[in-house]
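Worksheet: one structure, shown below.
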Amino acid sequence: MRSPMSTLQHKPLNHLHQHLPFHTPKFHSRPITTAPPPPPLPPPTDPSSFASLILNSTNPHALTQTLHSPTLQWTPQLVDQIIKRLWNHALKALHFFNILSRHPTYTHSLSSFDHAVDLAARLRDYKTVWTLVHRMKSLRLGPAPKTFAIIAERYVSAGKADRAVKIFLSMHEHGCRQSLNSFNTILDLLCKEKKVEKAYNLFKVFRGKFKADVVTYNVIANGWCLIKRTNKALEILKEMVERGIDPNLTTYNIILKGYFRAGQIEEAWRFFLEMKKRKCEIDVVTYTTVVHGFGVVGEINRARNVFDEMVKEGVLPSVVTYNALIQVLCKKDNVENAILVFEEMVRKGYVPNSITYNLVIRGLCHAGEMERAIGYMNRMKDDECEPNVQTYNVVIRYFCDAGEIEKGLELFEKMSSGDCLPNLDTYNILISAMFVRKKPDDLLVAGKLLIEMVDRGFMPRRFTFNRVLNGLLLTGNQGFAKEILRLQSRCGRLTRQFKL
DNA sequence: CTAGGGTTAG
């Protein structure tokens, strides 16, 4: 699992699955996913059929033959769509990428390479990451600045911020020019991962060399706001003025949001009034920030007043503005009022997006209205947004909380077989649910889920392992517990090996 | 993926 690309060049990735008991259901009474039928021929043409074909394939040679079939016309768009569908099954996705890498005539695009790099980096398989980068270079496709942003982001989120900085500082040696943009990007990545001190130090060292601009300063100010240090953000504001860089509306919106985030509600309100007084041409982002900011602290009336004011001032709300209002109504007011706003936005011709739907669905679930929540879930298709993994996670969670674990599992099986693969959260939600009924069979399912999640490239927390292990031992499943223990030590070896 | 507003957890 560590190095799918480098070690399995001539071997099927699938052999990794063979020593897992996933396809041999001896430890559980009911299978979590149904056994797939043999892949149909001729080959499919749409992304979701390809995805199922790849997911269900147990014979890598046959799969390669199918995907190399001369009747197939591969395009970068199709390849990217298939990778996206396999995103939550990283090994399968990389396997697919790998098969097409050996295609006699087709050559991967830059964006497919970037996706593959992202997947390998998520698996913390850095060896594969750099193999891919070198392959991109020899094909003269890249690496592009975006490639480095992806790599740096994964290093930062794996707790290797210093390594990310090093990579940025040496990216020109990998054939990718440094620029002010890439400088701003690395600073932003560090800030978004809350490594603001580190970002600020890097900023101080290199702001001269890269000629820091208003974006650079905004990134740093936003970083301080993200960790609720509004005063530091104000210092940045002062500093940029001193250095002759004019703050723009984005700067002020960042500070405004920073006040709300830090719970400085009245400071936020005064700042907002000041922005209006100074004629700063406040925009839909400003208003959305204030509506949301008031709402999350329960000031629903003030939130609604600002919403009405923006319409009066001729600033059109966006779907995001509606989402902000709907969210706070669900949380601090009443789902029914949120639904009124939802129906109102639809009447006005706005098209709700998946976030809008997920907010309403969550609100309904929270109010115990599971049936109505499912109704909105089915309605998503009408607005060209299928239920996504977040949608499923919300509904599964609430079914389980309500003790309807079978219904949660049913939805899970639907996603596993369909075109919305479960992610880390899905597995965590379901595994936790397997402990509420105190049924021994549930623990077998929990163990199977644990194996499946590792199989799909997700790393369970130590807590999850221990919980499942204890449960299995207490219910007399020593054999299965042993197997889980072996799995854990395999995972442990992997993480330790990767701590450089 | 050069910056600002909207899903998410006890």
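Reminder, nothing fancy here: chain letters follow the sequence lines and each chain counts from 1.
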What verdict does the side chain to side chain donor-acceptor pair (under 3.5 Å) test give for Thr185(A) and Asp188(A), after you've listed the backbone C-alpha separation in whole Å, the side-chain angles of each residue and the deciding distance to 0.1 Å? CA-CA 5 Å; Thr185(A) 301; Asp188(A) 197 36; over 6 Å; no
Show, in sequence, the C-alpha distance, side-chain angles and deciding distance for Glu239(A) and Arg207(A), and conclude whether the salt bridge (Lys or Arg N to Asp or Glu O under 4.0 Å) test is met. CA-CA 12 Å; Glu239(A) 205 177 304; Arg207(A) 63 179 156 197; 2.5 Å; yes
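When heavy atoms are screened at a 4.0 angstrom cut-off, Val284(A) is found touching base atoms of the nucleic acid. Base contact: Leu249(A) has a heavy atom under 4.0 Å from a base atom. Counting any heavy atom pair closer than 4.0 Å across all strands shown, Asn428(A) reaches no nucleic acid atom. Contacts of Thr321(A) with the nucleic acid, taken as non-hydrogen atoms under 4.0 Å apart, include base atoms. At a threshold of 4.0 angstrom between heavy atoms, the contacts of Asn358(A) include nucleobase atoms, whether or not backbone atoms are also involved. Asn393(A) comes within 4.0 angstrom of nothing in the nucleic acid, heavy atoms only.
Side-chain proximity of Asn184(A) to dC1(B), dT2(B), dA3(B): nearest is dT2(B). In the set dG6(B), dT8(B), dG5(B), the nucleotide with an atom closest to the side chain of Val319(A) is dG6(B). Nearest nucleotide to the side chain of Thr185(A), out of dG5(B), dC1(B), dA3(B): dC1(B). Among dT2(B), dC1(B), dG6(B), the nucleotide with an atom closest to any side-chain atom of Asp213(A) is dT2(B).
Neither OP1 nor OP2 of dT2(B) sits under 4.0 Å from any side-chain N or O of Lys192(A). Within the structure, a side-chain polar atom (N or O) of Lys331(A) is placed less than 4.0 Å from OP1 or OP2 of dT8(B). Distances shown here put every side-chain N or O of Arg397(A) at or beyond 4.0 Å from the OP1 or OP2 atom of dA9(B). At the phosphate of dG5(B), neither OP1 nor OP2 sits under 4.0 Å from any side-chain N or O atom of His292(A).
For NE2 of His366(A), the number of neighbouring non-hydrogen atoms (other residues, nucleotides, ligands) closer than 6.0 Å is 12 at most. Within a 6.0 Å radius of NZ in Lys381(A), other residues, nucleotides and ligands contribute more than 12 heavy atoms.
Asp246(A) places its CG atom 20 Å from the P atom of dA3(B), with the value rounded to the nearest Å. In this structure, the OH atom of Tyr200(A) is 18 Å from the C1' atom of dA3(B), given to the nearest Å. Distance CZ (Phe148(A)) to C1' (dT2(B)): 17 Å, rounded to an integer number of Å. Distance CG (Leu187(A)) to P (dC1(B)): 17 Å, rounded to an integer number of Å. Between the CD1 atom of Ile150(A) and the P atom of dT2(B) there is a distance of 11 Å, rounded to whole Å.
dA9(B) and dG5(B): their C1' atoms are spaced 22 Å apart (whole Å).
Between Tyr322(A) and Phe307(A), the ring centre distance stays below 6.0 Å.
Within 3.5 Å, a donor on the side chain of Ser318(A) pairs with an acceptor on the base of dG5(B), or the reverse.
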